[in-house]
2 protein chains.
Amino acid sequence: MTNTAPTRKRRKDDRPGEIITAAFREFDEKGFGRSTMAGIAERAGISRTTIYLYYDTKEAIFEAAIRGSVEVTIDIVAGMAKDANGDFRTVFARAIDLIYARLVSDEGGVILKTLVAEGSAMPDLILFYRQEILSKGEAAIRALIERGIINGELSVACRGDDVRVFVAPAIFAALWLRIFHKIDPLDINAFKEAHVRLVTDGLLARP
Amino acid sequence: MTNTAPTRKRRKDDRPGEIITAAFREFDEKGFGRSTMAGIAERAGISRTTIYLYYDTKEAIFEAAIRGSVEVTIDIVAGMAKDANGDFRTVFARAIDLIYARLVSDEGGVILKTLVAEGSAMPDLILFYRQEILSKGEAAIRALIERGIINGELSVACRGDDVRVFVAPAIFAALWLRIFHKIDPLDINAFKEAHVRLVTDGLLARP
DNA sequence: AAAGTTACTGACATAGATGTCAGCAACTAA
DNA sequence: TTAGTTGCTGACATCTATGTCAGTAACTTT
C-alpha cells in the first residue's frame, strides 16, 4: 500500500474555529504584534491564503474571538446570580471562582493580554469589550455587594467604593500567568483564597 | 535678519534621553508592536538613521528605559522604609501613594503595558524586571506587613497570603488608565482610597 | 461516471520597515 | 581662517508581511 497522505482537505464549516484556535496560540506565544498570517496558517495546518477566505486581517480574527466570548460572559454572570442566597463570603467566593476560571483559561487570558497590548490601536474593540464583557461582570459583582449591604453583612461604607477594586486581583493574576509564571510561578488557588479573604476581612485584626 | 532655522543640530549627550522620551510616546500611542524607528525618529525630530548611532533596535531602547527605572524603584522602596513607624493604615497608605505615582506616570505605565504586550518575546527583560523592580517592591510591602503583625495590628493569618494580592489593584489601575480611561474614566484618588480601605478593613461589617 | 461547483493553494506584485554607507554639515582646535 | 573631527543624513539594498488571482484538487449532483 502506498499510503499517500491526502494533500488537501476541504472543511468549510470547521475552518473558522480552527483558525481562531491557531491564532490564539500564535498570539499567546509571539504577542499580537509579532504574529503573522503565515504563522497562524502554519499552526492551523493550512495555506496562508486560505485564511483570507474567512478573515481579512489579524484584527478580524481577534475580533471574532472577542465576540465569541460574549456568550461565555453571559453564562458566567448567570452563574453568579444563581444560588446567590448564601452568606456574602460564600457567594463572593463562588463568583470569584467563575471569574478566575475564565481569565486563567487560555482564551480569556490571551484576550486580556492582547487588549492591553493593542487596545490603543483598536478603539472599537475596546469599547465593545468594555460594554459587553466588563460592565456585565461589574454589574453582577455590584449586585452581590448591594445584597450584602441590605443583608447587613457588609458595611454601608463600601457602597461608594469602586467595584473594580474588588476584582482587580483576578485580572492581575491572569496577566501574571501569561508573563511571569514561568520564572516565578503563582499558586492560583492560594492566590484566589487570599483574594477572597482580603475582600471580605481585610488585613487588620478583628477585635 | 534672515532667521533661517538651523537644519541640523549636534547634541550627542542629549540624544539618548530624547530618543527614549520619543519612544515612550510612540509606544504609548501605537503600542510597541506597531511602533517603528521612523515613528520614533519623527517624534524626536531627527533622522531615522541617527537612532542607530545610539540604539540598535526598538528592543534596545525599551531595555534602556527599563534599566533606567531601577533607580526610581530604589527611591520608592527607600520612601516606603522611611517613616514606617505610624499605624499600619497610615504607613500602607503612604506606600500605596508612592506605587500609584509611579505606575500612573507615563513612564511606569508604558513600561508595564509594554511588558504585558511583548514580554513573551523578551524573556531576559522579563527576568530583569522581575528581579530588579518587582521583587524589590514586593519585599518592601512584605516588610510593612510583618511589622504590622509583630505590632499586633494585623491578624497573623495574613502572613501566609501572597503579598501580590495587596498591590494588585494598583497594577490594574495603571493598565486601566492606558486602555479604558478615555471611554470610561477611573477616578484615581477614589480608587486608591478604596484600595487602601479594602486592604485594611475588607468589606464585612465590623461588629 | 461525467460535469459542475468551490475550497484551497502557489506564484506574483506591492508596501513598509530595517540596516548600511558614503558624503555632508556642524563643531573644534590650531 | 583653515584643517580636522564627528554627529548626522539621504539614498540604496534587503527582508518580511500583505493581498490578489488564476489554476487545481476535492467534493457534489445528476
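Everything quoted here is computed from the prediction, not taken from an experiment. So you know, we letter chains A, B, ... as the sequences are listed, proteins then strands, and number each from 1.
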Legend entry - Carboxylate-amine/guanidinium proximity below 4.0 Å for A:R43 and A:E29: yes
Legend entry - Carboxylate-amine/guanidinium proximity below 4.0 Å for B:E59 and A:R34: yes
Inset, instruction - For B:D56, enumerate each residue passing the salt bridge (charged side-chain N to carboxylate O under 4.0 Å, His left out) test, keeping only those at least two apart in sequence or located in another chain. - result: none
Legend entry - Distance in angstrom units between A:Y55 OH and D:dT18 P, rounded: 16 Å
Legend entry - Side-chain (B:R89) to main-chain (B:R197) donor-acceptor, under 3.5 angstrom: no
Legend entry - Under-4.0 Å salt bridge between B:D83 and B:R94: no
Inset, instruction - Give a yes or no on whether the backbone of A:A44 and the side-chain of A:E18 come within a donor-acceptor separation of less than 3.5 Å. - result: no
Inset, instruction - Output yes when B:R142 and B:E146 qualify as a salt bridge under the 4.0 Å nitrogen-oxygen rule, no when they do not. - result: no
Legend entry - Presence of salt bridge, A:E63 and A:R67, under 4.0 angstrom: yes
Legend entry - Distance, rounded to the nearest Å, where B:Y52 contributes OH and C:dT18 contributes P: 5 Å
Inset, instruction - Counting heavy atoms from C-beta on, name the nucleotide in C:dT9, D:dT9, D:dT18 closest to the side chain of A:T50. - result: C:dT9
Inset, instruction - Using a heavy-atom cut-off of under 4.0 Å over every strand shown, decide if B:I46 touches base, sugar-phosphate, or nothing. - result: sugar-phosphate
Legend entry - Contact under 4.0 Å: A:R15 side-chain N or O vs C:dC8 OP1/OP2: yes
Inset, instruction - In whole angstrom, give the distance that lies between atom CD1 of A:I51 and atom C1' of D:dT18. - result: 12 Å
Legend entry - Distance, rounded to the nearest Å, where B:K30 contributes NZ and C:dA17 contributes C1': 11 Å
Legend entry - Separation of atom CG in B:L53 from atom C1' in C:dG19, rounded to whole Å: 12 Å
Legend entry - Whole-Å distance separating the CD atom of A:E26 from the C1' atom of D:dA17: 12 Å
Inset, instruction - For DNA chain C, find the residues of residues 56-68 of chain A with a heavy-atom distance under 4.0 Å and give them by number; none if there aren't any. - result: none
Inset, instruction - Salt-bridge test for B:R102 and B:D75: reply yes if a basic N is under 4.0 Å from a carboxylate O, no otherwise. - result: no
Inset, instruction - Please report, rounded to the nearest Å, how far the P atom of D:dA17 is from the CZ atom of A:R34. - result: 11 Å
Inset, instruction - Send over the distance from B:I19 CD1 to D:dT9 C1', rounded to a whole Å. - result: 14 Å
Could you run down the sub-3.5 Å N/O contacts of the protein with nucleotides 10-15 of chain D?
from	atom 1	to	atom 2	distance (Å)
D:dG10	O6	B:T49	OG1	3.2

